[in-house]
Each structure stands twice: as structure tokens, then as C-alpha cells.
Amino acid sequence: MSEIHLHIVTHDVPYPADFGGVIDAFNKIKALAKLGVKIHLHCYTNKRAKQSLLEEFCETVTYYPRKMIRGVSFKLPFIVVSRQDKQLMENLQKDKHPILFEGIHTTYLLHKNLLIDRKIFLRILNVENIYYLYLATHEKNILKRFYYSTEAKLLKKYEHDISDKAIILALSTADKAFFQSEYKARSIIFLPAFLHHNTVSSLIGFGKYCLYHGNLQVNENEKAAVWLIDNVFSKSSIPFVIAGNKPSNSLKRLVKKYQNISIVNTPTEINMQLLVKNAQINILPSFNNTGIKLKLLNALYNGRHCLVNNAGAEGSGLNDICEIAETSDEFTEKIKILFKK
């Protein structure tokens with residue numbers, strides 16, 4: 001049997017696999033390498049360092065700087081136009097191997113129709129224009145809000161234009177349905193997330209606290225934490241822990257007002273997993289219903305009870321193994337029951 005080669009283009013360095021956008025990519029790379037696929041990895045990078053570990057799974061690894069200053073356009077989304085590189089084009093043209101683009105972010109060459117007669121796959125991480133619209137809705141800074149809303153408008157047109165130029169691999173059934181109904185995508189399949197985990201390792205017995213975790217630099221995640229504080233845990237004596245990257249000073253000040261609430265600033269991956277495992281309830285409400293919440297999948301594999309709203313579970317097929325609440329009263333009541341169960 002002849003060797004199978006595959007180019008994979010990622011929007012960031014996919015290791016360490018410490019946020020949603022790279023967890024799926026890194027574990028996909030490992031899975032394909034285990035099957036014998038010869039992977040040629042192309043990574044755009046800004047602040048993340050080169051990683052020698054990737055060479056264990058890939059035949060070649062090439063890095064391309066993201067053009068943060070020159071990547072401004074009034075026609076194309078910034079997340080796309082800031083990821084264009086002539087060297088990537090030259091490297092992809094050296095052979096005829098199929099190409100997997102990880103995320104809309106990486107598809108500049110595809111948009112420009114510069115890859116003729118190639119087998120091309122596009123992994124969509126979520127419906128990006130809706131995601132950016134949610135970010136705009138939750139943003140307090142007027143300049144950031146303008147950026148997010150402008151990006152959302154550009155992404156809507158861009159996603160429509162790109163949807164018939166590759167075989168699309170949707171991360172959730174909801175995203176697949178959206179691309180089919182709104183963008184008339186003809187070649188799209190549901191491909192579930194690739195994860196670290198192979199077995200469930202939830203601990204027996206009781207935990208002593210509830211946990212919300214996520215990247216707190218993302219305004220939607222901070223809003224979820226603030227909502228839980230204001231509407232649920234400020235009215236309870238049950239211990240509540242918030243954990244995530246770089247919480248804002250305003251969130252830290254809010255937490256200090258309550259004896260039963262604490263915050264863990266930028267935990268290591270090992271410490272985060274311990275927090276998830278030892279919690280009695282992992283509480284993960286979401287304010288958008290795009291994509292799959294990989295932190296929910298992690299909590300289901302490693303934690304005890306998982307309490308979410310419908311937006312947090314939509315498109316995952318996991319509703320039946322999560323506890324669902326919508327209003328603050330419903331969250332409060334579910335927490336009282338689950339904390340003793």
C-alpha cells in the first residue's frame with residue numbers, strides 16, 4: 001500500500017493543546033499519525049512558541065508569522081487576511097497531496113482559488129460570524145466591539161463564499177445544519193471532536209465545590225462567570241471556584257466580595273484537570289450555541305456532574321448525560337440537588 005500524505009494548515013501552533021481551537025487539531029494529528037498518515041504541518045503563529053513535540057507526529061513542521069499589522073482589509077475578515085503567506089503557497093505547490101485547513105482562519109489561498117485540482121478539506125470550528133457577533137454583544141470596550149461587529153459582517157459573506165470550495169468537516173450537528181441551510185453547503189459531513197481522552201475517569205464520592213472554568217480572556221467566558229456570581233453563588237453558601245487564563249481585575253474584585261467564591265488564575269493543565277476532577281459540579285453555561293464546547297467534553301470524561309444550559313450542549317448530542325438549566329432559579333435548584341448527590 002502506498003504512503004498517504006496530508007498537508008494540515010493550523011491557525012495557531014497546536015501544542016500545548018490548551019484551548020478549544022487547537023485541542024481538536026492536535027489530537028487529530030496524533031490520531032492520523034498513529035494510522036500511518038504522513039503529515040506535513042503548517043502553523044501560523046503569533047505569540048505561541050515553536051514546539052519540537054510536533055515533529056514526533058509529523059514528517060515536516062513549518063511555521064509562518066501571522067501578519068498582525070499588515071493584515072487589515074475592508075473586504076476580508078482580519079482572522080483570514082492576517083494569515084496569508086507566499087511561502088505557504090509555494091510549499092503546498094511542491095506536490096499534489098490533499099490539504100486540510102483547520103478553521104476558516106487558514107483559508108486565504110482557498111478563497112483566492114489558488115489551489116486548483118487538489119483534494120481539500122475544511123474543518124469548521126464553529127459558525128465564526130455568529131461567534132463574533134456574540135463577542136460584540138458582550139464587549140464593553142467600544143473599539144473592540146466595533147472590531148467584533150465588523151468582523152462578524154465580513155465573516156458572514158466570507159463563510160458563504162468559501163462553503164462550496166472544500167469538503168467541510170463540521171464539529172457539531174448544529175453547525176452542519178447551519179451551513180447547509182444558510183450557505184447551501186453541498187459537501188459537508190459531521191466529524192466529532194478529537195479528544196485527549198479514551199476512557200472516563202470520573203472520581204466516585206463527593207466533591208467540595210462547584211467549578212466554572214474557561215479562558216477568561218474571552219469576554220463571553222468572563223460574562224458567564226459574572227452571571228453565575230451575581231445570580232447564583234452570591235445568594236448561596238456553597239463554595240464556587242472560577243479557574244482560567246488571565247482573569248480581569250474587575251472579575252477579581254467581584255470575587256473578593258464573597259467568602260464562598262474563589263478564583264484560580266491561569267492554572268497549569270495538570271492543575272486544571274485536578275480542579276475538574278475534584279469538583280462536585282462542573283457548571284458551564286454558554287451565551288452562544290455555535291460549535292462544540294470541548295471543555296464540556298473534558299468535564300464529562302473527568303468530572304462528576306455537569307450542569308449546562310441548552311446553548312452549552314446544543315449540537316453535541318450530549319444533552320441526556322448533562323443536567324440542563326436555563327434560569328438562575330433553575331441553576332440554583334439543580335445545584336442544591338446535585339451537591340448532595
Side-chain angles (χ1 to χ4, degrees), residues 5-14 21-22 24-25 28-29 39-46 48 58 60-133 147-171 175-176 178-180 182-189 191 290:
H5 289 256
L6 175 67
H7 291 284
I8 298 180
V9 185
T10 61
H11 77 292
D12 211 330
V13 181
V22 298
D24 178 65
K28 192 185 300 107
I29 288 167
I39 298 170
H40 302 276
L41 180 62
H42 308 266
C43 309
Y44 279 101
T45 182
N46 180 21
R48 287 163 70 91
C58 304
T60 61
V61 182
T62 310
Y63 298 89
Y64 308 86
R66 187 179 175 192
K67 299 175 176 65
M68 301 300 289
I69 297 176
R70 288 185 290 161
V72 177
S73 169
F74 296 106
K75 295 182 179 180
L76 295 177
F78 177 73
I79 63 171
V80 175
V81 76
S82 60
R83 293 178 173 90
Q84 54 174 304
D85 196 289
K86 291 181 181 179
Q87 188 62 48
L88 173 63
M89 182 65 191
E90 292 175 7
N91 289 336
L92 292 177
Q93 287 182 324
K94 290 178 180 178
D95 52 59
K96 292 295 183 180
H97 302 321
I99 305 166
L100 168 60
F101 289 103
E102 287 285 340
I104 289 288
H105 319 55
T106 63
T107 58
Y108 181 82
L109 297 177
L110 187 59
H111 163 75
K112 289 292 187 180
N113 297 313
L114 295 174
L115 298 165
I116 307 300
D117 299 327
R118 299 291 287 272
K119 189 80 167 181
I120 297 176
F121 302 88
L122 168 59
R123 174 57 133 183
I124 55 170
L125 306 176
N126 54 36
V127 182
E128 294 291 349
N129 86 84
I130 294 179
Y131 175 67
Y132 272 80
L133 197 58
Y147 163 68
Y148 289 140
S149 60
T150 302
E151 194 79 344
K153 292 175 184 176
L154 294 172
L155 279 163
K156 187 173 183 178
K157 182 180 185 303
Y158 187 87
E159 286 177 321
H160 183 274
D161 293 344
I162 208 81
S163 62
D164 64 348
K165 295 184 177 183
I167 299 169
I168 297 176
L169 312 175
L171 196 60
D175 289 354
K176 177 188 175 185
F178 184 94
F179 267 74
Q180 287 175 321
E182 298 297 320
Y183 299 149
K184 310 304 179 187
R186 290 170 293 180
S187 184
I188 182 168
I189 63 173
L191 182 66
T290 65

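Computed over heavy atoms, backbone and side chain alike; hydrogens, waters and symmetry mates excluded. Each residue takes its place number in the sequence, starting with 1.
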For Y64 and Q87 the tightest heavy-atom approach is CE2-C, 3.9 Å

Is there a side-chain contact between I99 and L109 in this structure, where contact means two heavy atoms from C-beta onward sitting under 4.5 Å apart? no

Start with the C-alpha gap between R186 and K184, add the side-chain angles, then the distance that decides, and say whether side-chain contact (heavy atoms from CB on, under 4.5 Å) holds. CA-CA 6 Å; R186 290 170 293 180; K184 310 304 179 187; 5.9 Å; no

I168 CD1 to I189 CD1 distance, which is reported to the nearest 0.5 Å: 10.5 Å

Is it the case that T106 and R83 place a side-chain donor and acceptor less than 3.5 Å from each other? no

For the residue pair D161 and D164, what are the closest heavy atoms and their distance? O-OD1, 3.3 Å

Distance (rounded to the nearest 0.5 Å) between L122 CG and I167 CD1: 10.5 Å

When rounded to the nearest 0.5 Å, the distance separating CG of L133 from CG of L155 is 10.5 Å

Where do L110 and K165 come nearest, in terms of heavy atoms and distance? CD1-O, 3.4 Å

Can you say whether the rings of H105 and H11 are parallel (under 30°), tilted (30 to 60°) or perpendicular (over 60°)? tilted

Please report the shortest heavy-atom distance between A185 and S163, naming the atom on each side. CB-O, 4.0 Å

So, taking the atom named CG in L76 and the one named CD in E151, what distance separates them when rounded to the nearest 0.5 Å? 10.0 Å

Between L92 and R118, the two heavy atoms sitting closest are O-NH1, 2.8 Å

Start with the C-alpha distance between E102 and K28, add both sets of side-chain angles, then the distance that settles side-chain contact (heavy atoms from CB on, under 4.5 Å), and finish with yes or no. CA-CA 10 Å; E102 287 285 340; K28 192 185 300 107; 2.6 Å; yes

Using 0.5 Å steps for rounding, measure from the CD1 atom of I104 to the CG atom of N126. 9.5 Å

Sort out for me which residue in I124, V127, L154, T107 forms a side-chain contact (heavy atoms from CB on, under 4.5 Å) with E159. V127

Is the shortest side-chain heavy-atom distance between F74 and T150 below 4.5 Å? no

Between H111 and Y158, does any side-chain donor sit less than 3.5 Å from a side-chain acceptor? no

For a quick test of reading the model, state the closest non-hydrogen atom pair linking C43 to D12 and the distance between them. CB-O, 4.3 Å

In terms of relative ring orientation, are H97 and H7 parallel, tilted or perpendicular, with 30° and 60° separating the classes? tilted

Evaluation steps, side-chain contact (heavy atoms from CB on, under 4.5 Å), between Y131 and L125: CA-CA 10 Å; Y131 175 67; L125 306 176; over 6 Å; no

Is the backbone of V81 close enough, under 3.5 Å, to the side chain of Q84 for a donor and an acceptor to pair up by distance? yes

Carefully, step by step, assess Y108 and D85 under the rule side-chain contact (heavy atoms from CB on, under 4.5 Å). CA-CA 9 Å; Y108 181 82; D85 196 289; over 6 Å; no

Heavy-atom side-chain contact between I79 and R66 under 4.5 Å: yes

Roughly how far, to the nearest 0.5 Å, is the CD1 atom of I8 from the CZ atom of R123? 11.0 Å

